[in-house]
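Residue numbers begin at 1 in each chain, while the letters A, B, ... track the order of the sequences.
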Amino acid sequence: MPSNRIRMKKNVGEFTIVSNSALNNTNYHICLQSDIGLPDIAPGQFTNVDIPNNKDIFLRRPFSFFDVDYEKKTVSLLVKILGRGSKSLTELKVGSKLNLVYPLGRGFTIPDKNDKVLAVGGGSGVAPILQLAKTAGSSPGQMHIAIGARSAEDHISIADYLQFAQFYFTTEDGSLGEKGFVTDHPIFHDLTQYNRIYACGPLPMMKAIAARAKEAEIFCEVSLENLMACGFGVCLCCIEPTVKGNLCVCTDGPVFNIKDLKW
Amino acid sequence: MPSNRIRMKKNVGEFTIVSNSALNNTNYHICLQSDIGLPDIAPGQFTNVDIPNNKDIFLRRPFSFFDVDYEKKTVSLLVKILGRGSKSLTELKVGSKLNLVYPLGRGFTIPDKNDKVLAVGGGSGVAPILQLAKTAGSSPGQMHIAIGARSAEDHISIADYLQFAQFYFTTEDGSLGEKGFVTDHPIFHDLTQYNRIYACGPLPMMKAIAARAKEAEIFCEVSLENLMACGFGVCLCCIEPTVKGNLCVCTDGPVFNIKDLKW
Amino acid sequence: MVNLAVKIKDLELKNPVMTASGTSGFGEELADFYDVDKLGAILLKGTTLRNRDGNPYPRMAETASGMLNAVGLQNKGIDYFIENIYPRIKDYNTPLIVNVNGSTIEEYIEVTQRVNELDKIPAIELNISCPNVKEGGMLFGTSCASAETVTREVRKAYSKTLIVKLSPNVTDIAEIARAVESEGADSVSLVNTFLGMAIDAEKRIPLLSTITGGLSGPAIKPIALRMVWQVSRAVKIPVIGMGGIMNATDAIEFFLAGATAIQVGTAIFRDPFTPLQIIDGLEDYLNRHQIDDICKLVGALKY
Amino acid sequence: MVNLAVKIKDLELKNPVMTASGTSGFGEELADFYDVDKLGAILLKGTTLRNRDGNPYPRMAETASGMLNAVGLQNKGIDYFIENIYPRIKDYNTPLIVNVNGSTIEEYIEVTQRVNELDKIPAIELNISCPNVKEGGMLFGTSCASAETVTREVRKAYSKTLIVKLSPNVTDIAEIARAVESEGADSVSLVNTFLGMAIDAEKRIPLLSTITGGLSGPAIKPIALRMVWQVSRAVKIPVIGMGGIMNATDAIEFFLAGATAIQVGTAIFRDPFTPLQIIDGLEDYLNRHQIDDICKLVGALKY
Ligand SMILES: Cc1cc2nc3c(=O)[nH]c(=O)nc-3n(C[C@H](O)[C@H](O)[C@H](O)COP(=O)(O)OP(=O)(O)OC[C@H]3O[C@@H](n4cnc5c(N)ncnc54)[C@H](O)[C@@H]3O)c2cc1C
Ligand SMILES: Cc1cc2nc3c(=O)[nH]c(=O)nc-3n(C[C@H](O)[C@H](O)[C@H](O)COP(=O)(O)OP(=O)(O)OC[C@H]3O[C@@H](n4cnc5c(N)ncnc54)[C@H](O)[C@@H]3O)c2cc1C
Ligand SMILES: Cc1cc2nc3c(=O)[nH]c(=O)nc-3n(C[C@H](O)[C@H](O)[C@H](O)COP(=O)(O)O)c2cc1C
Ligand SMILES: Cc1cc2nc3c(=O)[nH]c(=O)nc-3n(C[C@H](O)[C@H](O)[C@H](O)COP(=O)(O)O)c2cc1C
Ligand code: FES
Ligand code: FES
């Protein structure tokens, strides 16, 4: 790791867009370079991004880190076009600047070599899941990743991650992998082979997985995407009711162990 | 004139930036092309421009037409960087869109061949003055144009207009033409050779010229730049006190005969 | 086909999208851009008994997502209107509504009486909420007692549809709405502008000649929407909503909050076509949601 | 060197830039980004007698140049604060001010009494203007009588600097300011948020769980500035201004309008460094304009 690593816990800084390209129908991959060193960034952590090119947007928008390269001082985001802000981001030209608050939140508990892991990603939720596999340095025998999408065109390439995990695909229209929701995939028939389950994606998907994990009494972490104003714990807008009371998704999460949630 | 000329008196339309370049220290030349035909646009008329790339700007910004090419369906603006909006305009890339409300206001009374004209421009006020000369199809013998600026670097090239007028320059630092304000130029020593005076530029300049024209009892039109919200006569924000009461600069002007003003 | 027509007492509108007073002149300026007969109605610029020059320049300041104005009811007076402007615009095929102003109750009554004679003016909007004049104006609209009095007296002088335009610069706008309803208002329109201020930090001077002025535009939309919501639940008469409406989505929010019709103000300065775009957008929304009548949206917020 | 220090009664600030309550946690969150001792003061998050969960999610909606919140004073109560949080933050070298809330006068008094014991809390801000709670809150701040009563009772229980935070949701904020001044407030701070509303037009539901919420951010700046102007001319005690301050220019406008100090709220969500940037910007402005003391800017508007 380079020695010019940033030391403050959290930072606000300008990044330069080094690439911004469509991965498929709805997802863009945006790679951003910092002038200064990067702090440690864990899988599941996120950044709150100022959207510079849209007059109608006032607040920042949170996005998970998809990838981090400490040498090149780059981070990348996987942006799914949902509304105005995400759309505007995908329209930014290479070379333009983006202001980030980073790194935010608490990431996933990194599995160790002995863990047998099932990680499930849906939509843009695949970003932190893939980063988790890479960071854990897991192997296909040890980590299984299930990815669900609407259709084959909504899936992103996972070629770079084949060394870290065994992949399973589902599509709602059956155009790739198993047909149906990701939780319909046969690997869910027997969860007892896993001692850890991770999930990131649409709320109904995460709730379904949490229910299965709870039933099977398996450690399970999910990453929530509550609406945020600040992203660093001062506004109390992003709260999630938990057994410990209302917690902030931006600081106590976004990753939560399902045993703490009131699901 | 092409037959697809727009028929409504006023329009709102998208233009594409075909060029956007610095003329000198402070002035940019922006050329814009319309998909559809242009309506008749007279010298002194203006357009109210939506500034797309600045979050802090809510209202449009008015700019005079500097040039119009009905065949190419292009108009051009001479933009002097004064604040946030003008600055943002100069940063727009070729190919991007600009939304215009046009054409607005009443232009200069076009001089005819028998008129002997003195036209004076300061700052971005040279734009309508040059367009006036071109539209009138005047000759250097008939039209004298005096242009004032702070320094040589603030002057724009008038090569294309040499056929229409005789030019005189002043600079405050003496780096081009006579040193001093434009009204210090020797041509102001004897105004009786002219039967029409036109002025566009900073308020103190126009007031000084108006005073001289009044004294010499010569027809004189000036173009005002009052703050505007709408640009087409509905908000009553741009008013100028006149002998006829408060008039709207955007509809009754921006060009006024000084005999109507309370200067 | 969806129905966009609404009724405000006897006032029939082919669609519920009107242009707001002071932001659309006498309709003629918009007619330079398009056929104004497409509009639901045109609220004419604020009119007083006698000529008013309005406030000195500068009268305008841009603010975040909005603007301040200090026009101060510049107009040539009701007689000039009747003699010179009315004849020019009376044949527009859309209702023309006079925005009536005064600095005393007597002035309000006199203007109203003259407007009452005009065949082609089916309604007035009683402006008791202008923040930009020294006497009268907003003062009438910020206490129940004075709002009641002026409404009662004007009601006596006016037989057609009486809309009362409320000021948002109050602690409890629902209370004022109830007060004018009880005195015979056929409808309330809200909101007028919020009293605001802007300063040139470098020159250390106010940006408006009058120091304070009226804030309008999208900045105020959340407050305006809340007020429409509160008022529509407090009164039985139809509510006309406005304040920062820039597009059809904004307009729909006002209908859902309880407005029977809406007005478009400051948005017109940005784009004079906004009211027509909103009409199209409403039709589109209703079609998409398979709702056959705009009236079914009114107050249809699920909560 | 220019002087940025100001005094609010006995409260000494090294500079007049504070962070607003509810937008800067307990200072610790900002300390993740920078040294919070540079701040003029930190207004701690709103505190009540007992634990409050606040309102259900969703509590936030973005609006044009602003946002609505409906947090509803989520906090763990004054005892938890004293035992768990105060010890962690008390050694910051910047004044910590507790924002005191209650649903009854008794609650306000009880919280105040406990805060009075805390050595390192030199002042309280009495919040009689929270629009996001059912009982108490804004209701105390919207009538002179109740504002007077709560100020009087809290004044009796508190010996240090008492700041009263005013609601902008009133017809005449100057009147309320005079009322709390007469009951012993050492300062007034304004504005709290404006009651607003946002709707999801497609789903036809409110965007906040509570339907209405508090509007903040640059959208409200013109109104906040006008209120600071009115209040500072109506009272003799120092005025603390806030509402949409995003940068040093905005802050200077508030000083010119009559504020002795300012608070930065929503801007912190956009950029937590905003307060520090404002401090630098103030210094730069004073140097550029050759003014040696920030106090000379206070109310220095030329008009
Ligand atoms: C911790 C965290 C990590 C995230 N990581 C990613 C990521 O890696 N990639 C990615 O593409 N997205 C991610 N998101 C979601 C992303 O923040 C939103 O898609 C984005 O903010 C939408 O902004 P917009 O302006 O495009 O949508 P808007 O125009 O603001 O909204 C469009 C519609 O979407 C709804 N909406 C907006 N944001 C959310 C939300 N967070 N939850 C539910 N509904 C919402 C709005 O209510 C509205 O109906 C993450 C969110 C969080 C909180
Ligand atoms: C009819 C008309 C024609 C115009 N033609 C041209 C033209 O051809 N080329 C050109 O460069 N400019 C022209 N202008 C001026 C141009 O509109 C302003 O320079 C522009 O609006 C400034 O916007 P901004 O956002 O850059 O400045 P802002 O950031 O809004 O303001 C910067 C500073 O300039 C002041 N200011 C802004 N606009 C004006 C104004 N109109 N009068 C006086 N002070 C002002 C502000 O108060 C502020 O102090 C014209 C104006 C009018 C009314
Ligand atoms: C420049 C201007 C002039 C106005 N003049 C009047 C007026 O004469 N009478 C009136 O009742 N309202 C007047 N208004 C208020 C508007 O009709 C409307 O109530 C207000 O602007 C809020 O709506 P908006 O945000 O859509 O503009 C004026 C507003 C502006 C911006
Ligand atoms: C999320 C949020 C929470 C707030 N909580 C409180 C609070 O607990 N007590 C209080 O007095 N004001 C509270 N406020 C109001 C702010 O302190 C401030 O008065 C208001 O936001 C206006 O300033 P701004 O526009 O700079 O944000 C809160 C504001 C926001 C946005
Ligand atoms: S987003 Fe502000 S506390 Fe979580
Ligand atoms: S700018 Fe609106 S009337 Fe002239």
Review point. Passes salt bridge (Lys or Arg N to Asp or Glu O under 4.0 Å), Arg61(B) versus Glu62(C)? Steps please.
Key: CA-CA 11 Å; Arg61(B) 297 288 188 267; Glu62(C) 187 180 50; 2.8 Å; yes
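- Between chain B and the options Gly54(C), Pro218(C), Ala61(C), Pro56(C), the largest number of non-hydrogen pairs under 4.5 Å is found for Pro218(C).
- Residue with the most contacts toward chain C among Asn226(B), Ile57(B), Asp56(B): Asn226(B) (heavy-atom pairs, distance under 4.5 Å).
- If you measure heavy-atom distances from Phe273(C) to chain B, the contacts under 4.5 Å come from the side chain alone.
- Note: Gly66(C) leads Ser24(C), Gly66(C), Gly22(C) in heavy-atom pairs under 4.5 Å with chain B.
- Of the two parts of Asn99(B), neither the backbone nor the side chain holds a non-hydrogen atom closer than 4.5 Å to a non-hydrogen atom of chain C.
- Ion pair Arg106(B)/Glu221(B) not flagged as a salt bridge, since none of the NZ, NE, NH1 or NH2 atoms sits closer than 4.0 Å to an Asp/Glu carboxylate oxygen.
- Contact annotation for Asn55(C): only backbone heavy atoms (N, CA, C, O) come within less than 4.5 Å of a heavy atom of chain B.
- Using a 4.0 Å cut-off between a side-chain N of Lys or Arg and a carboxylate O of Asp or Glu, Lys221(C) and Asp250(C) qualify as a salt bridge.
- Between Tyr86(C) and Phe81(C), the ring-plane angle classifies as tilted under the 30° and 60° cut-offs.
- Interface residue Thr63(C): only backbone heavy atoms are found under 4.5 Å from chain B.
- With a 4.5 angstrom heavy-atom cutoff, Asp50(B) touches chain C only via side-chain atoms.
- Contacts between Val12(B) and chain C at a heavy-atom distance below 4.5 Å involve backbone atoms as well as side-chain atoms.
- Only the backbone of Ala31(C) comes within contact range of chain B, with heavy atoms under 4.5 Å apart.
- Between Phe63(B) and the choices Val79(B), Val75(B), Ile30(B), the side-chain contact (heavy atoms from CB on, under 4.5 Å) rule is met once, by Val79(B).
- Each of Lys45(C), Arg52(C), Arg59(C) was evaluated against Gln74(C); a single residue qualifies, Arg59(C), per the side-chain hydrogen bond (donor to acceptor under 3.5 Å, both in side chains) test.
- A salt bridge is absent between Asp37(C) and Lys14(C); no separation between the charged side-chain nitrogens and carboxylate oxygens falls under 4.0 Å.
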